[in-house]
Student: 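Provided herewith is a single structure, encoded as structure tokens, for subsequent inquiry.
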Amino acid sequence: MTAITQRRRDSLRRYFSGLALEETLSGFLFATPFVVGFSVFIAYPMIYSIVLVFQNWDLLTPPVFVGLNNITKVFRDPVANLSLYNTAFYTFLAVPVQLGISFLLAMALNQPIKGRSFYRAGFYMPMIVPVVASAVVWQRVFHPEFGLMNEVIGWFGMEPRKWLWDPALAKPAFIFMSFWMIGRQMVIFIAGLQNIPQSLVEAASIDGAGRLHQLRHIIIPLMTPIIFYNMVMAIIASFQIFAPAMLMTNGGPQNATLFAVLNIYRNAFEYYNMGYASALAWELFVIVVGFTVTQFYVSRRWVYYETG
Amino acid sequence: MSTQKFSRRQFLLIGGSGVAVAALAACQPQAQPTTAPAKAEPTKAAAVGPTQPPAPKKQPDVDFFAWGDPVDVPAWNKVAEMYTQKTGNKANVTIGATGDFYTKLQTMVAGGTPPHLSSFQGWEWQVFADKNVLVPVDDQVKAAKLEDIFIDAPGDIAYTQRKGKKYLLPIEHPTMLMFYAKKPFQDAGLPFPKDDWTFEQFLEAAQKLTKTVDGKKQFGYQANGIWARDIHWMRNSGKQEFDNLIDPKKSMFAQPELAEIIQIVASDVYYKMKISPTPADLEGGANTIDTGNCAMKYEGPWYFTRLNNPQLRDQKKAVEFDVVIMPKYKDASRPHRCLTSGVAVLRTDKVDATWAFASYLVSYEGNKAYSEISGRLPNNPKGAEQDWVPRIKELHGVANGRAFIDAFKTSVVDVVGGVPRSKIWNEAAKPLGWDPLTLGTGKAVDVLPKVDTKVQELLDAYWATQPKS
């Protein structure tokens, strides 16, 4: 017993001695800005929002405990369900097409074509345009009278549409708009394509594989980790769509573009139902996390890791 | 002489420590925190003695959270500057964007750092008063002899008082009238509308003024397409959307008389009569009265400068216009909407100093300067008739400015109570009623019962939290 206590004391003394103590302290101090920032701006609000889920709070009077009321309301509220439907509609139609277009673009811009850097920069450019500016631009594109979109469909003899003012077309318009923002995915795909060993492609070529066979049996399998990464990130980003809907349609027409985050924002900062907004936020969090975990689980069947 | 150099490690260590200390310091409460409103004693402010405007004695600085309409911003700053020159005291003006003004205010209150004085629209402050965030100012108003800024009209009383106590100090007493651009009437050979015109004459004129000239659309009327701005039409049907306009308990949108007028002004004007640009047509601002493409629009005095002012006239971009009382419909008393707005004192530890500035802001001198810069209708009859009416004629060419003052005499409140108008609009009237109507996808008789159901839910939820009287 005494020997064990002595060993423990020695261990603690070594731990807190000179250099070890200094290094431990330095480590903590180096990490302090992040730890403070994370604690104050992320962890604390998240934890506090869990507390708020069980309370009603209008910002003006102290919160009132309401038990599970906000959670049950989440499942009964038709507007919350509609916002989830809108978000799912947007995500599941936009993401596959985004991935397809960005992959094809990456393939094209990985070829030794003239002005390749210029095109790459051009397709990435929308990513650095402020959201507000791009929202204004797209409002003009979809304008029913003067918009570019109606001009283009007019070339094919189609009638002008109201796009953002038509409940049936507003979501498809947002999906179309999202294709403008594929620069990041494209750049990551290009990086992935450049990492594919040319020896494999050449070997397949010698064995008589054509371009399509090379694509199907070599390039796509080797790109699956990148496709998976882009897919996970794109789905998470799509679930969080907010600014364009807030700026361009404010959730309308007839709640056709009321996405989940916009609904959370409205409940929190327009209706001042902080507790209910917290419940909605946690519902979305659970959905996104659940979906991401499922993707990781399913990825075992189709994602190929060379080291795995 | 030895030179001691920092190693990279030491530099990062010191830097990290500094950032951490700074971050922790930033989390500390302010040096002079304001009193948290929820914790303040309700009777404390009432016990504070009144102060004569302008305050001659040295007062601590106060923070004024001001409504950020572009026409108001220079006016707020000018009056604050005048106040400092006159008294030596200081009011710090913080401009709040109009889009999320109340969100920011509510967040400041929640964070324990409320401003000392805030702008309010007449229909938005009641929730704050009910939650004990605002200070009643009856005693101070009486002592300062500022009673003449309160008008004895039902709409104005509802917008400045709550449960018998004055909270809102009016900055302006506007109402809204029909604006008409003169050129379309002259081009069509139509006489300008007169104050005794009828709803049928309005529709007839709008139809005659709607046409296409050289491939360019001209509309007779620019509909607003929102409940608040259709309230005028609804009330002139002789009916109202609630059992009471102050603290309503029952939603009554689906009455036949209301459905009839709402169908016309929120939908038929776009899709059946086609006398107004649709919301989609309005996007981009080409088809508006501002460009001369619409002949008439329901607006308020804040719109003058957009249509006609000396600079626009110099640039040959001015739209010559005038105003007229809204047309007669079914209610012979021709009620107009009251849109009083002003400032209210928040319950902080600087009520005296806040009152000193607030009373100067709404005094004849302060309000005159505010009105001259912003173009808004003054808060006192003397200023309105003697100063404002001649001024808007000179600056904006408005010959019938007195119509605003006459219309205000029959003014009615939109609706005030524990469920704010904005909440009724956002959660019920817009998505369930006005969206389908203005998009042409629903009929008033079909959508208004749905609006009633949702509004009733909101009212019931509010009344469920109130003590039974």
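A, B, ... follow the sequence lines: proteins, then strands. Residue 1 opens every chain.
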Student: According to the interplanar angle, ranging from 0 to 90°, do the rings of B:Phe101 and B:Trp67 count as parallel (below 30°), tilted (30 to 60°) or perpendicular (above 60°)?
Tutor: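 Rings of B:Phe101 and B:Trp67: perpendicular, over 60°.
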Student: Begin from the C-alpha positions of A:Asn70 and A:Val74 and carry the test side-chain contact (heavy atoms from CB on, under 4.5 Å) through to its verdict.
Tutor: CA-CA 6 Å; A:Asn70 287 326; A:Val74 162; 5.7 Å; no
Student: Output, in order, the C-alpha distance, side-chain angles, deciding distance and verdict of ring pair (Phe, Tyr, Trp, His ring centres under 6.0 Å) for A:Phe259 and A:Phe242.
Tutor: CA-CA 7 Å; A:Phe259 298 112; A:Phe242 169 70; over 10 Å; no
Student: Could you work out, with side chain to side chain contact (heavy atoms under 4.5 Å, CB included) as the rule, every residue matching B:Val127, not counting sequence neighbours?
Tutor: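 With sequence neighbours excluded, B:Val127 shows a side chain to side chain contact (heavy atoms under 4.5 Å, CB included) to A:Leu60, B:Lys131, B:Pro420, given in chain and number order.
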Student: Strictly less than 4.5 Å between heavy atoms, which residues of residues 269-279 of chain A line up against chain B? Please order them by number.
Tutor: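 Checking residues 269-279 of chain A against chain B gives A:Phe269, A:Glu270, A:Tyr271, A:Tyr272, A:Asn273.
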Student: When you compare the side chain of A:Met149 with that of A:Phe176, does any pair of heavy atoms fall below 4.5 Å?
Tutor: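 Side chain of A:Phe176 against side chain of A:Met149, heavy atoms only: contact under 4.5 Å found.
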Student: Could you tell me whether the side chains of B:Glu124 and B:Ser422 share a donor-acceptor contact shorter than 3.5 Å?
Tutor: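 The answer is yes; a qualifying pair exists.
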Student: In terms of heavy-atom pairs under 4.5 Å with chain A, which of B:Asn426, B:Asp100, B:Thr107 leads?
Tutor: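 Option with the top pair count is B:Asn426.
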Student: Can you name the closest pair of heavy atoms from A:Val129 and A:Ser134 and give their distance?
Tutor: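 Closest approach of A:Val129 to A:Ser134, heavy atoms only: CG1-N, 4.0 Å.
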Student: Quick one: do B:Asp247 and B:Arg162 make a salt bridge, cutoff under 4.0 Å?
Tutor: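 Yes, B:Asp247 and B:Arg162 are salt-bridged.
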Student: Should A:Ile47 and A:Tyr44 count as side-chain neighbours, where that means a heavy-atom distance under 4.5 Å?
Tutor: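 Of all side-chain heavy-atom pairs linking A:Tyr44 with A:Ile47, none is under 4.5 Å.
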Student: Counting only non-hydrogen atoms closer than 4.5 Å, does A:Asp58 touch chain B with its backbone (N, CA, C, O), its side chain (CB onward), both, or neither?
Tutor: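 Both parts, backbone and side chain.
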Student: With a 4.5 angstrom heavy-atom cut-off, which part of A:Phe34 approaches chain B: side chain, backbone, both or neither?
Tutor: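 Answer is neither: A:Phe34 stays 4.5 Å or more from chain B.
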Student: Before you tell me yes or no, could you show the steps for B:Trp123 and B:Val415 under side-chain contact (heavy atoms from CB on, under 4.5 Å), namely the whole-Å CA-CA distance, both residues' side-chain angles and the distance that decides it to 0.1 Å?
Tutor: CA-CA 7 Å; B:Trp123 50 94; B:Val415 63; over 6 Å; no
Student: With heavy-atom distances below 4.5 Å as the criterion, would you say the side chains of B:Leu117 and B:Phe65 are in contact?
Tutor: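 Contact flag for B:Leu117/B:Phe65 side chains = no.
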Student: Anything in residues 160-175 of chain A with a heavy-atom distance to chain B below 4.5 Å? Please list those residues in order.
Tutor: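 The list, in residue order, reads A:Lys162, A:Trp165, A:Pro167.
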Student: Should B:Val133 and B:Leu346 count as side-chain neighbours, where that means a heavy-atom distance under 4.5 Å?
Tutor: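 A side-chain contact exists here, since the closest heavy-atom pair is under 4.5 Å.
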Student: I'd like to know if the side chain of B:Asp281 and the backbone of B:Thr278 have a donor-acceptor N/O pair within less than 3.5 Å.
Tutor: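 Judged by distance alone, yes, a pair lies under 3.5 Å.
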Student: Taking atom types as modelled, find out whether B:Tyr102 and B:Gln121 have a side-chain donor-acceptor pair closer than 3.5 angstrom.
Tutor: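 There is such a pair (donor and acceptor under 3.5 Å, judged by atom type) between the side chains of B:Tyr102 and B:Gln121.
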Student: Under 4.5 Å, heavy atom to heavy atom, which residues of residues 428-454 of chain B contact chain A?
Tutor: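 When heavy atoms of chain A are the reference, residues 428-454 of chain B contributes B:Pro431, B:Asp435, B:Pro436, B:Leu439, B:Thr441 within the under-4.5 Å range.
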